[in-house]
Amino acid sequence: MSTDLFCEIIAGERPATMVHSDEVAVSFLDVRPVFKGHVLVVPRIHVETLADLADVGPFFERVQAMARAVEEGLQVAGTFVAMNNRVSQSVPHLHVHIVPRNKKDGLRGFFWPRTTYDSTEEAESYAELIGKSLS
Ligand SMILES: [Zn+2]
């Protein structure tokens, strides 16, 4: 039952440049990379967002391993690891972007405009709101 582009790739119904695949996650190259070597790590089971993912640990072990592999394999200085949930999420199947990075690669503040907090109190109120939701 393919419901989206990534389910089709997982089912082998659509070609992709595979990097790794196991029982938990499937990793392949983004067809429109920020930089060459930009990998998407996707859970094999269909879930739309991080909130929907029941068993987070095994999936993020794959993400961690892939981030290491991108860095070592491409001999880059670091990585950018990111996930959109619903807003700006191009495919409604959870995916983590792993983008190889180097200093002075030109990727500077290109993803999100930055803002600042009006005061320390305002910042703390945000931290408190989020912290309360952790448990
Ligand atoms: Zn899917």
Side-chain angles (χ1 to χ4, degrees):
M1 282 251 310
S2 296
T3 56
D4 57 69
L5 190 73
F6 294 162
C7 278
E8 288 177 21
I9 288 171
I10 290 162
E13 295 165 3
R14 180 184 286 271
T17 307
M18 287 292 166
V19 179
H20 185 257
S21 174
D22 64 18
E23 73 281 6
V24 172
V26 176
S27 303
F28 47 89
L29 295 185
D30 193 309
V31 290
R32 292 177 62 230
V34 174
F35 293 117
K36 291 171 184 176
H38 175 169
V39 174
L40 300 178
V41 184
V42 171
R44 189 172 279 282
I45 56 159
H46 176 85
V47 293
E48 185 172 344
T49 69
L50 181 59
D52 302 322
L53 185 64
D55 202 4
V56 173
F59 177 69
F60 275 91
E61 284 172 12
R62 271 66 175 184
V63 172
Q64 182 187 51
M66 190 57 61
R68 284 185 183 135
V70 166
E71 200 171 304
E72 288 174 23
L74 301 178
Q75 290 290 294
V76 289
T79 54
F80 175 72
V81 178
M83 178 197 299
N84 291 306
N85 287 281
R86 280 192 285 274
V87 179
S88 295
Q89 186 177 0
S90 55
V91 176
H93 184 131
L94 191 155
H95 53 285
V96 174
H97 296 263
I98 300 177
V99 179
R101 295 294 316 273
N102 277 305
K103 287 187 177 173
K104 298 181 178 175
D105 61 15
L107 192 65
R108 209 158 49 166
F110 113 106
F111 264 109
W112 297 290
R114 303 300 177 98
T115 186
T116 53
Y117 293 101
D118 295 329
S119 64
T120 307
E121 287 75 14
E122 190 197 21
E124 285 170 353
S125 73
Y126 276 83
E128 192 179 323
L129 284 171
I130 298 164
K132 276 183 188 166
S133 299
L134 269 177
S135 58

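Both counts, for ligands and for their atoms, begin at 1 and track the order of listing.
Residues forming a ring-ring contact (aromatic ring centres under 6.0 Å, His included) with Phe28 (at least two apart in sequence, or on another chain): Phe6.
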Kindly list each side-chain donor-acceptor pair under 3.5 angstrom involving residues 34-41, sequence neighbours excluded, with atom names and distances?
residue	atom	partner	partner atom	Å
His38	ND1	Val34	N	3.0
His38	NE2	His97	ND1	2.8

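Look at Lys132 and Glu128 and you find a salt bridge, because one of the NZ, NE, NH1 or NH2 atoms lies within 4.0 Å of a carboxylate O, short of that distance.
When you scan the N, O or S atoms of Asp4 for the one nearest the Zn ion (ligand 1), you land on OD2. Looking only at its N/O/S atoms, His46 has ND1 as the one nearest to the Zn ion (ligand 1).
Counting only N and O atoms by type, the side chains of Ser21 and Arg44 include a donor and acceptor under 3.5 Å apart.
If you put the vertex on the Zn ion (ligand 1), SG of Cys7 and ND1 of His93 sit 110° apart, to the nearest 10°.
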